[in-house]
Amino acid sequence: MIFPDKIAIGSDHAGFEYKEAIKLYLKRNNTIITDVGTHGLDSCDYPDYAHAVAANIENGAVSFGILICGTANGVAIAANKHAAIRAAICWKKEIAELSRMHNDANILCIPARFVTVDEALELVQAFLTTDFEGGRHTNRVQKITI
Ligand code: RB5
């Protein structure tokens, strides 16, 4: 299984413990991680971390990001304000795979309050090891940015 060399990751307080588990998992797979925070369980604002992960993709530091909050809605809404970002909320392995195959998603958004840590790791593996299919999906993806 080939993981990307490097990724950016961020969460709010609701996703903090999941972020730490995902970091351990990815480090075991030799992925270099840029952790934009949060760094503890104190209540904080999810857009701060969504914008920071998006910026790491926009400036070319990484090609993929992972964001976690309670529902995944907040981080996805914030990250998708960036033109270069396609942030996908995923709660099943198949949805994570399809977000790469059909949507060329570049940020995986995980709803920590609705999946287990093991399910989150399965989402990460599916997302980071699945390629964009191209073909008929290329034109559709190009039409997303306005
Ligand atoms: C935090 O309580 C929660 O609102 C946040 O993690 C997220 O679910 C927002 O969309």
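As the structure lists them, so they are numbered: ligands from 1, and atoms in each ligand from 1.
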Backbone of Ala87 reached by a side-chain donor or acceptor of Asn80 within 3.5 Å: yes
Given a heavy-atom cut-off of 4.0 Å, could you list the residues near ligand 1 in chain and number order? Asp12, His13, Ala14, Tyr46, Cys69, Gly70, Thr71, Gly74, Arg113
Please say yes or no: joined through hydrophobic side-chain contacts below 4.5 Å, possibly via intermediate residues, are Val117 and Ile68 part of one cluster? yes
Angle class for the Phe127/Phe64 ring planes (parallel below 30°, perpendicular above 60°, tilted otherwise)? perpendicular
Among all residues two or more places apart in sequence or in another chain, which pass the side chain to side chain donor-acceptor pair (under 3.5 Å) test with His13? none
Side-chain contact, heavy-atom cut-off 4.5 Å: Val75 with Ile107? no
Below 4.5 Å, heavy atoms only, C-beta onward: do Ile85 and Asn106 meet side chain to side chain? yes
